[in-house]
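Reading through the structure tokens given below for one structure.
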Amino acid sequence: MQWTKEAAEKRLSDFNMEDVSLIPISPKATKIAPDWFQQYKQTRKEFMVSLNDAIQEIAFMGLSQDDFIGLITGKRMPQGYSIRFRIPMMWGGKIAIDNMFMCKTFPQSQNLDRFILEQSENELIWLPNPAKKIYIPVHTASGGDGGNATEDRLAQLAAQLAQGRDS
């Protein structure tokens with residue numbers, strides 16, 4: 001049964017992801033280049049380095065300093081996080097930074113897979129399209145009392161790393 005936008009929004013709400021916007025696509029099978037994985041690995045690294053402008057979201061991830069540095073230098077993903085395509089490659093999505101976002105593997109990434117698979121027979125698919133490079137559900141992104149020391153510390157670290165690259 002074809003979902004309306006309202007039905008898709010309701011289903012995302014069932015997954016506690018009501019803050020994710022949706023884009024409609026008509027899926028058409030697309031041939032994937034044989035060297036896609038090499039391209040993906042390089043673009044994935046570039047995506048992670050591009051997260052230097054997402055310090056506020058990174059601060060809410062609760063990463064250790066080593067995980068933070070590994071992430072924004074493009075060396076390694078923090079455990080429990082995934083990079084997803086906004087539009088899957090099999091439906092014409094490109095291997096590009098602007099077609100990627102990061103979220104927790106459980107439950108967000110797994111719920112997004114379920115959300116998409118539940119629409120698999122439809123002519124129009126509603127795809128999740130988070131506003132930022134890192135999806136952190138709004139109900140978990142509210143900080144408590146105590147200020148923004150983590151964000152400040154990570155911002156300073158990111159600035160130092162960026163300055164080191166420019167030299």
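For F115 and W3, the distance between ring centers is under 6.0 angstrom.
Of the inter-residue distances, the one linking D19 atom CG with I136 atom CD1 reads 10.5 Å to the nearest 0.5 angstrom. Rounded to the nearest 0.5 angstrom, E6 CD and W126 CH2 are separated by 8.0 Å. With rounding to the nearest 0.5 Å, the separation of CZ in F85 from OG1 in T43 is 7.5 Å. Rounding to the nearest 0.5 angstrom, the gap separating the NZ atom in K75 from the CD1 atom in I69 is 9.5 Å. Here the CD1-CG distance, from I23 to N129, works out to 4.5 Å after rounding to the nearest 0.5 Å. S82 OG to Q108 CD: the interatomic distance, rounded to the nearest 0.5 Å, is 10.0 Å.
You'll find the side chain of L112 reaches within 4.5 Å of the side chain of L12, heavy atoms only. Looking at R11 and R114, their side chains come closer than 4.5 Å, going by heavy atoms from C-beta outward. With contacts defined as side-chain heavy-atom distances shorter than 4.5 Å, the pair M89/T30 does not qualify. Looking at M61 and D67, their side chains never come closer than 4.5 Å, going by heavy atoms from C-beta outward. Counting heavy atoms from C-beta outward, L127 and P88 have side chains that approach closer than 4.5 Å. A 4.5 Å side-chain heavy-atom check between W91 and K28 finds every atom pair outside the cut-off. Proximity of D113 to R84: side-chain heavy atoms (C-beta onward) are separated by under 4.5 Å at one or more points. Residues F101 and I134 fail the side-chain proximity criterion, which asks for heavy atoms closer than 4.5 Å.
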Let's go through V138 and M17 carefully: what are the C-alpha distance in whole Å and the side-chain angles of both, what is the deciding distance for side-chain contact (heavy atoms from CB on, under 4.5 Å) to 0.1 Å, and is it a yes or a no?
CA-CA 8 Å; V138 73; M17 299 174 81; over 6 Å; no
For the pair Q119 and L124, evaluate side-chain contact (heavy atoms from CB on, under 4.5 Å) and give the outcome as yes or no after the intermediate values.
CA-CA 8 Å; Q119 303 177 71; L124 182 72; over 6 Å; no
Where do I95 and F47 land on the side-chain contact (heavy atoms from CB on, under 4.5 Å) test, with the steps shown first?
CA-CA 10 Å; I95 300 175; F47 172 80; over 6 Å; no
I'd like to know whether L71 forms a side-chain contact (heavy atoms from CB on, under 4.5 Å) with M102, so could you lay out the CA-CA distance, the side-chain angles of the two residues, the decisive distance to 0.1 Å, and finally the verdict.
CA-CA 11 Å; L71 176 63; M102 192 170 97; 4.0 Å; yes
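R86 and D98 are not joined by a salt bridge, as no carboxylate oxygen comes within less than 4.0 angstrom of a charged side-chain nitrogen.
Minimum heavy-atom separation, I125 to P27: CG1-CG, 3.5 Å. Nearest approach of P78 to L63, heavy atoms of both residues: CB-CD2, 3.6 Å. Nearest approach of G70 to T73, heavy atoms of both residues: O-OG1, 3.4 Å.
Judged purely by distance below 3.5 Å, without hydrogens or angles, the side chains of Q42 and E46 pair a donor atom with an acceptor atom.
Counted within 6.0 Å of CD on Q2, heavy atoms from surrounding residues, nucleotides or ligands total more than 12; the atom is thus considered enclosed. Counting heavy-atom neighbours within 6.0 Å of K133 NZ, excluding the residue itself, gives a total above 12.
Put simply, Y135 and F106 are part of two different groups of oily side chains (I, L, V, M, F, W, Y) that touch within less than 4.5 Å, one to the next.
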